[in-house]
Amino acid sequence: MPTVRSETVDVAVSFPHLLYSEKPPIPASLAPPPVVEPPAARTPDDLKRIAAHRAVELLESGMVVGLGTGSTAAHALDRIGELLRRGVLRDIVGIPTSKKTEAHAAAVGIPLSDLHAHPIVDISIDGADEVDPSLNLVKGRGGSLLREKMIEGASRRFVVIVDDSKMVPCLGGSGLAVPVEVIPFCWGHTLGRLRSLFEGVPGFDVKLRRAAVAAGDGGKDEPFVTDNMNYIVDLFFENGIHGDLDLISDKILRITGVVEHGMFLGMASSVIIAGKDGVTVLDEQQVR
């Protein structure tokens with residue numbers, strides 16, 4: 001029987017660098033750690049969208065829904081329209097709180113009605129300019145406070161969606177406007193009575209809200225006009241509003257010429273707050 005021998009043949013490689021497409025592999029133990037990009041910081045608009053989508057999760061098919069006004073509520077409108085197109089929600093009826101919201105809702109396919117046909121609203125979703133620890137709100141810096149208060153006041157549930165920058169220790173605490181809607185007739189007289197109401201409050205100021213008109217008018221500012229053809233008088237409190245809010249509300253509303261104010265007291269059922277660490281939900285039962 002022939003003997004089988006095993007031999008090792010050394011083969012010289014003339015071009016060893018061609019064995020690899022680029023560089024020879026580096027042993028894992030010597031390789032530098034992979035670079036991990038930190039997650040992009042969420043913008044205020046991202047937070048608004050997160051809160052809005054969380055609120056829309058509360059909707060059920062067949063509901064009558066109050067549709068809020070403003071940049072945060074706009075995200076809710078887009079989400080509702082998307083869910084209707086996908087068939088996830090059906091037979092939703094929207095009650096818009098402004099002409100702007102009406103146009104937006106119609107554009108994304110939300111069927112619309114009003115309080116005449118639907119005097120009881122199942123749920124309203126809207127943003128807020130300020131939220132205090134008791135879930136009282138300031139709303140209306142966009143000018144839609146009267147219609148918002150009517151529709152949200154007719155709602156079985158009112159869900160407020162905000163980012164955490166809207167949380168304040170007391171109403172007016174941001175130093176920004178607390179709006180009051182007034183009739184145009186003798187608005188200066190009404191403004192004067194509002195000024196007198198808060199006479200002696202340190203850092204208080206009151207101004208008629210104005211809006212720039214077309215450049216063809218020389219850039220002249222005219223009074224801001226609401227959807228109800230009224231004016232807005234803005235109240236400013238350097239240190240926020242202190243005292244009995246219900247009593248202050250009543251005193252404002254007793255001034256002839258005042259239509260409504262932007263303090264929404266005891267109306268919010270829950271507040272959905274989006275922040276960098278996630279979403280927090282506060283219910284009225286938790287704070288009262």
Side-chain angles (χ1 to χ4, degrees), residues 48 51-85 88-131 134-162 166 179 181 226-228 230 249 253 259-273 281-285 287-288:
K48 292 176 182 179
H53 285 204
R54 180 69 172 269
V56 173
E57 293 176 3
L58 301 172
L59 301 190
E60 298 177 4
S61 295
M63 278 187 167
V64 178
V65 183
L67 305 175
T69 297
S71 58
T72 307
H75 289 301
L77 299 179
D78 290 337
R79 183 63 170 168
I80 294 169
E82 175 192 349
L83 295 179
L84 286 170
R85 290 190 298 273
V88 178
L89 287 176
R90 298 179 304 277
D91 303 320
I92 292 292
V93 176
I95 312 293
T97 56
S98 67
K99 292 180 179 179
K100 183 177 181 180
T101 294
E102 181 178 358
H104 187 161
V108 298
I110 302 174
L112 299 175
S113 188
D114 56 34
L115 289 178
H116 292 296
H118 300 277
I120 298 177
V121 179
D122 293 306
I123 185 172
S124 283
I125 299 175
D126 203 354
D129 299 308
E130 293 182 358
V131 182
S134 297
L135 306 191
N136 295 311
L137 318 172
V138 169
K139 290 177 51 59
R141 289 181 188 152
S144 302
L145 61 100
L146 176 58
R147 297 190 185 194
E148 288 172 340
K149 191 171 280 190
M150 289 180 66
I151 292 167
E152 288 149 13
S155 301
R156 291 191 174 99
R157 186 173 185 185
F158 174 28
V159 178
V160 180
I161 47 179
V162 295
K166 307 299 184 183
E181 187 161 345
T226 71
D227 285 349
N228 315 298
N230 292 319
S249 168
L253 294 174
V259 180
E260 188 53 83
H261 59 68
M263 293 190 296
F264 284 48
L265 307 179
M267 293 181 60
S269 304
S270 55
V271 178
I272 298 176
I273 309 158
V281 180
L282 297 178
D283 292 318
E284 59 181 336
Q285 294 85 358
V287 300
R288 302 195 192 286

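Values reported hereafter were calculated over all heavy atoms of this structure, with side chains retained and with hydrogens, waters and symmetry mates removed.
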Salt bridge Glu181-Arg147, side-chain N to carboxylate O under 4.0 Å =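 Between Arg147 and Glu181 there is no salt bridge, as every charged N stays at least 4.0 Å from the carboxylate O atoms.
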side-chain contact (heavy atoms from CB on, under 4.5 Å) evaluation trace for Asp122 with Leu59 | CA-CA 9 Å; Asp122 293 306; Leu59 301 190; over 6 Å; no
Please give me the minimum heavy-atom distance between [X] and [Y], naming the atom from each residue.
X: Gly66; Y: Ile151; value: CA-CG2, 3.9 Å
X: Ser124; Y: Ser155; value: OG-OG, 2.6 Å
X: Val131; Y: Ala128; value: CG2-CB, 4.1 Å
X: Ser61; Y: Ile92; value: CA-CD1, 4.4 Å
X: Val138; Y: Pro179; value: CG1-CD, 4.1 Å
X: His75; Y: Ala52; value: CB-CB, 3.6 Å

Under 3.5 Å: donor-acceptor pair, side chain of [X], backbone of [Y]:
X: Asp129; Y: Gly140; value: yes
X: Asp126; Y: Ile161; value: no
X: Arg79; Y: Arg54; value: no
X: Thr226; Y: Gly143; value: no
X: Asp227; Y: Lys99; value: yes

Please report the interatomic distance [atom1]([X]) to [atom2]([Y]), rounded to the nearest 0.5 Å.
X: Asp114; Y: Met150; atom1: CG; atom2: CE; value: 10.0 Å
X: Ile272; Y: Asp283; atom1: CD1; atom2: CG; value: 9.0 Å
X: Ile273; Y: Leu282; atom1: CD1; atom2: CG; value: 4.0 Å
X: His53; Y: Glu82; atom1: NE2; atom2: CD; value: 7.0 Å
X: Met263; Y: Leu145; atom1: CE; atom2: CG; value: 11.5 Å
X: Ile125; Y: Glu152; atom1: CD1; atom2: CD; value: 10.5 Å

Which is it for Leu67 and Leu112 under the side-chain contact (heavy atoms from CB on, under 4.5 Å) test, yes or no, and what are the steps along the way?
-> CA-CA 10 Å; Leu67 305 175; Leu112 299 175; 3.8 Å; yes
Report the C-alpha distance between Val259 and Asn228 in whole Å, list the side-chain angles of each, state the deciding distance to 0.1 Å, and finish with yes or no for side-chain contact (heavy atoms from CB on, under 4.5 Å).
-> CA-CA 10 Å; Val259 180; Asn228 315 298; over 6 Å; no
Evaluate side-chain contact (heavy atoms from CB on, under 4.5 Å) for Lys139 paired with Lys149, printing each intermediate quantity in order.
-> CA-CA 9 Å; Lys139 290 177 51 59; Lys149 191 171 280 190; over 6 Å; no
For residues Thr97 and Thr69, is any side-chain donor paired with an opposing acceptor at under 3.5 Å?
->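 Side chains of Thr97 and Thr69: pair found under 3.5 Å.
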Within a strict 4.5 Å, meaning less than it, do heavy atoms of the Val108 and Ile80 side chains meet?
->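 Result no, sub-4.5 Å side-chain heavy-atom pair not found.
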